[in-house]
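Atoms considered below: every heavy atom in the structure, side chains included; atoms not considered: hydrogens, waters and symmetry mates. Here is the naming used below: chain letters follow the sequence lines, and residue numbers restart at 1 for every chain.
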Protein chains: 2
Amino acid sequence: MKNDLYKILVELSPNYKKNYLPSISIDCVVFGFHDASLKVLLLQLKNTTKWGLPGGYLKRDEDLNAGANRILKERTGAENIFLNQFKTFGKKNRSEEFFSDFPDDLWHKQRYISIAHYALINFEIVNPVIDQFSEACEWKEISELPELMMDHEDIFNEALLQLRRDLNYKPVGLNLLPEKFTMPELQKLYEIILDKKLNRGNFYRKMTRYEILEKLNETRKGGAHKAPDLYKFDEKKYKAALKTGLQESW
Amino acid sequence: MKNDLYKILVELSPNYKKNYLPSISIDCVVFGFHDASLKVLLLQLKNTTKWGLPGGYLKRDEDLNAGANRILKERTGAENIFLNQFKTFGKKNRSEEFFSDFPDDLWHKQRYISIAHYALINFEIVNPVIDQFSEACEWKEISELPELMMDHEDIFNEALLQLRRDLNYKPVGLNLLPEKFTMPELQKLYEIILDKKLNRGNFYRKMTRYEILEKLNETRKGGAHKAPDLYKFDEKKYKAALKTGLQESW
DNA sequence: ACAAAAGTGTTACCCTTACACCCATGT
DNA sequence: ACATGGGTGTAAGGGTAACACTTTTGT
């Protein structure tokens, strides 16, 4: 019973063997923020029910960094995306089950260690593109994830933890929000990532005190209530402030 | 001009090819604390002047975790060491220069990505062991590092940064200090890792307030001055406190 | 006597938390 | 009117930073 995915992999196997490093794969947890909720980009492989993180392999003549950026561009069409390598997953049987029905000499069936990255991307500029192995490429709400293949749920969970730890050290807001955003939108983003409610007045004051926001002479029209003010990040000041972290002691 | 290292590598090449995963190496930044200073374990390869981090390769049937522990055990004789994988280094030319005079079909000359770990180890229980490729294996003061091969200085610097960030989240003191230690010793450790002087009284109060230390009915005899009290960590409370981090807001 | 260690006190300052109040504005 | 947003006030509490003082004790 040879299905589409099977045929494609068998056909491509020799080419991969020639041009890509063995044993190494790259997986990306791509975060986007939209409609007051945090989403992650997932693929559904052909002939499977489970979903997976966008990923790929490293070319023999390619820096690790460049490989991750290339893979991301293929799936989203976007370039210069904020990418952070956060952990490498190397359990020996992490993909055994998935490939159990494939031929042993298939390049893809070898053992891989996966170098995991998370990406932060402006939801609005992404155009999800399926690849030749997939039949769907969609944004999924992080609180309603479908079942994931292999150890991709572990990878996702680690990415979310890392994102939380990075909130004061990396330009998370700058990369997840559109250029112009409102204070309630920014607060919502923080609340989702930190998984806790924050006090509105205190959040406003804290953000203002950092002096990393620039208030624009515009409001977000069209809502059901008072039009909120629009802000954008002062990128220079934001990044300067992140170098020492937005708060903390020692 | 075939030197010792050259001969050993050529001889072992086929065996490595058979039993180890290609393209993947593991490097360890091993920290130890002794004599009020932080040290790192380095090897000097045969026929070279530069030093390098202890490292090795991943066996085909071995979890990544297990591989790092095995490599560490070979170099230190110690087991169950605190190990933290912190970054993977994958520039395409990271080892090109080092192997330029070696034959192209040498297993070791292929391109590697290196999965870097840092280890925290009780200096007193380590017995540095040279491997077959090396002529020295020694502790070096982190402020007086010799010249390092390839990108090992980058790896070391990243490890130190990561260690600093982890100070409130990982059992750093527990793993770097002997079982019994004094308050001034603990403070010194924090000062070196954070690279700043800390106020003695405030440090004492802060540590006491965490309730992670257990004061023993003993003092450290033999010093030139008043014998300081000995403490040990209350391991349970220490680890419980680290789960949320020793301080910080949001 | 001297120097390090232990323990405590003090003060100013900053930040957080939690509430509460005002006003503005779009439907 | 009502819900949301913007902006500010305040009081309690907790941690930090910096300094200083005391007592203890080993050489």
Side-chain angles (χ1 to χ4, degrees), chain A residues 35-37 164 167-169 173 177-178 180-191 194-232 241-242 244-250, chain B residues 35-37 164 167-169 173 177-178 180-191 194-232 241-242 244-250:
Chain A
D35 258 355
S37 76
R164 194 169 298 165
L167 198 49
N168 290 316
Y169 300 95
L177 292 171
K180 302 173 181 183
F181 53 87
T182 68
M183 197 62 90
E185 284 166 0
L186 180 61
Q187 180 173 348
K188 189 70 196 173
L189 175 61
Y190 269 67
E191 290 181 341
L194 296 168
D195 196 24
K196 61 158 75 166
K197 283 296 254 179
L198 301 172
N199 179 286
R200 186 187 58 81
N202 294 337
F203 184 83
Y204 169 85
R205 254 179 305 213
K206 190 167 183 169
M207 279 296 157
T208 306
R209 206 176 40 230
Y210 288 151
E211 295 184 327
I212 58 175
L213 297 181
E214 186 183 332
K215 187 174 178 167
L216 305 172
N217 288 321
E218 298 174 68
T219 55
R220 163 101 67 233
K221 315 279 187 185
H225 305 288
K226 175 180 177 180
D229 296 342
L230 283 168
Y231 293 82
K232 62 174 198 164
L242 289 169
T244 57
L246 287 183
Q247 95 260 60
E248 274 195 305
S249 49
W250 320 106
Chain B
D35 258 354
S37 76
R164 194 169 298 166
L167 198 48
N168 290 315
Y169 299 95
L177 292 171
K180 302 174 181 182
F181 54 89
T182 68
M183 197 62 90
E185 285 165 359
L186 181 61
Q187 180 173 348
K188 189 72 195 170
L189 175 61
Y190 270 67
E191 289 182 340
L194 296 168
D195 195 25
K196 61 158 75 168
K197 284 296 257 178
L198 300 173
N199 179 286
R200 188 189 57 79
N202 294 338
F203 183 82
Y204 170 85
R205 255 179 303 213
K206 191 167 181 168
M207 278 297 159
T208 306
R209 206 177 40 229
Y210 288 151
E211 294 184 326
I212 59 176
L213 296 180
E214 187 182 332
K215 187 174 179 169
L216 304 172
N217 287 321
E218 297 175 68
T219 54
R220 161 99 71 230
K221 313 280 188 186
H225 306 287
K226 175 181 175 181
D229 295 340
L230 283 168
Y231 293 82
K232 62 174 198 165
L242 290 169
T244 56
L246 286 183
Q247 94 259 57
E248 273 194 305
S249 51
W250 314 112

**Q** Does B:K215 make a side-chain N or O approach to OP1 or OP2 of C:dG7 shorter than 4.0 Å?
**A** yes
**Q** Rounded to whole angstrom units, what separation is found between the NZ atom of B:K226 and the C1' atom of C:dA5?
**A** 5 Å
**Q** Report the residue (A:L230 or B:G222) whose heavy-atom-nearest nucleotide on DNA chain D is the more 5′ of the two.
**A**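 Its nearest nucleotide lies further toward 5', so the answer is A:L230.
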**Q** Is the side chain of B:E214 donor-acceptor paired with the backbone N or O of B:K232 at a distance under 3.5 Å, no angle test?
**A** no
**Q** Look at B:Y204 and C:dA6 and indicate whether a side-chain polar atom (N or O) is within less than 4.0 Å of OP1 or OP2.
**A** no
**Q** Can you tell me how far C1' of D:dG15 sits from CG of B:L246, to the nearest Å?
**A**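 So the CG-C1' distance, B:L246 to D:dG15, works out to 14 Å.
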**Q** Within this structure, what is the CG-to-P distance between B:N202 and D:dA20, rounded to whole angstrom?
**A**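 In whole Å, D:dA20 P lies 13 Å from B:N202 CG.
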**Q** Distance from A:D229 atom CG to A:F181 atom CZ, nearest 0.5 Å?
**A**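 That separation rounds to 12.0 Å.
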**Q** More 5' along DNA chain C: A:K221 or B:G201, using each one's nearest nucleotide?
**A** B:G201
**Q** Once rounded to the nearest 0.5 Å, what's the spacing between atom CG of A:L230 and atom CZ of A:R220?
**A** 5.0 Å
**Q** In whole angstrom, give the distance that lies between atom CG of A:L198 and atom P of C:dT17.
**A**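 About 8 Å, once rounded to whole Å.
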**Q** The side chain of B:A227 lies closest to which of these nucleotides: D:dG26, C:dG26, D:dG6?
**A** D:dG26
**Q** Phosphate oxygens OP1/OP2 of C:dT16: is one of them under 4.0 Å from a side-chain N or O of A:K206?
**A** yes
**Q** Figure out the CG/P separation between A:N168 and C:dC15, and round it to whole Å.
**A**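 Rounded to whole Å, this separation is 14 Å.
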**Q** OP1, OP2 of C:dG7 versus side-chain N and O of B:R209: anything below 4.0 Å?
**A** no
**Q** Between CE of A:M207 and CE of A:M183, what distance do you get to the nearest 0.5 Å?
**A** 7.5 Å
**Q** Out of curiosity, B:Q187 CD to B:T182 OG1, how far, rounded to the nearest 0.5 Å?
**A** 10.0 Å
**Q** Whole-Å distance between C:dT8 C1' and B:R205 CZ?
**A** 7 Å
**Q** Find the distance B:R200:CZ to C:dG9:P and express it as a whole number of Å.
**A**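 That distance rounds to 14 Å.
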**Q** Rounded to whole Å, how long is the line connecting atom CG of B:N199 with atom P of C:dG9?
**A** 16 Å
